[in-house]
Amino acid sequence: MKILVIGGGGREHTIVWKLAQSSRSTKIWCAPGNAGIANETLKSNNSKVECVDIGAEDLKSLLEFARENEVDLTVVGPDNPLAMGIVDKFQTIGLRAWGPTQQAAQFESSKIFSQEFMDRNGVPTMRSASFQDPSEAKNFAAELGGKCAVKADGLALGKGVLICNSADEANAAIEQIMTDRTFGDAGANVLVQELITGMEISLHALCDGKTAKLFPSSQDHKRALENDLGLNTGGMGTYSPVPFLKEDKLHEIANAVLDPWLAGCAREGIDFRGMIYPGIMLTDEGPKVLEFNARFGDPETQVYLTRLENDLVDLLEASIDGTLDEHELQWTNQSAVCVVVASGGYPSSYEKGKVISGLETADAIPGVKVFHAGTKTKDNEIVNSGGRVLGVTALGDNLLAARNLAYKAAAMIHFEGAFSRKDIAAKAL
Ligand code: GLY
């Protein structure tokens with residue numbers, strides 16, 4: 001099978017690495033890929049994965065490439081091409097692409113769509129309302145005592161959410177998003193949501209339109225610095241499973257969220273085939289959905305796919321074909337920990353082009369896999385080219401062993417300015 005993976009981060013490196021282990025994969029391209037992806041080899045025939053210089057949002061060129069190369073399966077990693085309708089465009093010309101259609105991807109691309117869907121279908125969530133008029137938005141924020149999240153609707157590249165603790169802060173956030181258009185036209189509509197407190201977890205479930213196969217628990221570390229301080233990032237590290245979230249509790253939370261969500265999709269004719277990834281707050285009143293994502297999480301993918309024992313080609317095909325009920329997901333009992341190594345200054349500005357050393361030594365440790373995110377090859381050396389640079393991932397017989405191994409490997413990797421959080425998975429131990 002000839003496969004094209006779209007994207008070039010740590011999530012896509014992990015997906016490519018896992019697909020390359022399938023006996024069914026005979027050729028893998030990745031657009032645009034990164035230096036680590038270009039180093040992967042297929043198990044079936046020893047061929048190298050090929051990176052193609054096409055951006056993940058250049059749908060026209062991706063479509064042409066897939067058609068010319070007779071790609072059998074295209075796997076879409078990031079949210080933006082999904083929101084732009086890449087899967088629909090591929091389907092229109094008879095190409096198989098994994099991921100939700102543009103309509104179904106609205107669970108992530110439109111916060112208002114998602115919130116209204118939850119309200120209509122009894123998916124537990126917090127009080128919220130959407131507005132086109134700044135003064136109405138301010139009145140609602142005042143009703144919540146100013147304690148609210150103000151979210152720009154539409155695509156804001158993962159940004160577009162301002163957390164407020166007073167009416168003054170809420171008014172300023174509404175002005176910033178709706179009047180100053182800090183996040184562009186996404187700020188024409190805003191969602192104002194009640195702030196709720198509790199422990200935040202995320203779920204992943206692979207869907208085929210009727211069945212949702214739940215993944216194990218994992219936890220991300222969103223802030224840049226130890227003890228959850230510093231700015232929000234795409235995620236500085238993950239681990240799986242989460243020891244304080246036992247299987248029965250995980251299933252109870254998943255049922256409370258996914259059952260009404262699936263029933264709502266059926267009722268409203270939304271055929272969701274792909275990964276649904278809700279962010280959930282565990283409150284005194286039960287689980288409440290904060291947001292939905294419609295793709296694999298990054299760096300959650302790094303710990304999930306290192307633990308997954310199934311052939312990923314089989315699962316993604318079943319997700320497209322509506323046959324997931326024929327598959328049982330199998331996971332190693334081992335724990336996985338991923339420590340992200342980032343560029344100095346991330347998530348604010350940082351310098352690129354710093355030569356990275358120690359990659360091969362770290363990768364050679366049994367149980368360790370170094371997934372690349374923001375890397376590229378320059379003059380025969382691997383340099384950083386993004387904020388999150390590497391996801392150093394390790395498997396171990398328990399969380400402590402996996403964590404020690406991931407940090408041992410991360411300590412072998414060097415580039416000017418590199419930093420990582422030193423407390424990934426610490427709270428779980
Ligand atoms: N781990 C955060 C995300 O993928 O959005």
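Counting convention: from 1, in listed order, for ligands and their atoms alike.
With hydrogens and angles disregarded, no donor-acceptor distance shorter than 3.5 Å links the side chain of R421 to the backbone of V339.
A 4.5 Å side-chain heavy-atom check between V392 and V341 finds at least one atom pair inside the cut-off.
The closest approach between a heavy atom of D298 and any atom of ligand 1 is below 4.0 Å. Residue contacts with ligand 1 include Y277, since one or more of its heavy atoms lies under 4.0 Å from the ligand. A heavy-atom separation below 4.0 Å is not found between R11 and ligand 1. Taking 4.0 Å as the cut-off, G235 does not count as a neighbour of ligand 1 on heavy-atom distance.
Residue D220 places at least one N or O, backbone or side chain, under 3.5 Å from an N or O of ligand 1.
Close contacts between ligand 1 and G234 involve ligand atoms 1 (N), 2 (C) [criterion: under 4.0 Å to a heavy atom]. Each of the following atoms of ligand 1 lies closer than 4.0 Å to a heavy atom of R295: 3 (C), 4 (O), 5 (O). Every atom of ligand 1 with a heavy atom of G297 under 4.0 Å away is listed here by number and element: 4 (O).
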Original post:
T101 and D88: side-chain hydrogen bond (donor to acceptor under 3.5 Å, both in side chains), yes or no, with the steps?
Top reply: CA-CA 6 Å; T101 58; D88 314 57; 4.5 Å; no

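The heavy-atom pair separating K422 from Y407 by the smallest distance is C-OH, 3.1 Å. The shortest heavy-atom contact between P216 and S240 is CB-OG, 4.2 Å.
Between R295 and E12 no salt bridge is recorded (no basic side-chain N to carboxylate O distance below 4.0 Å).
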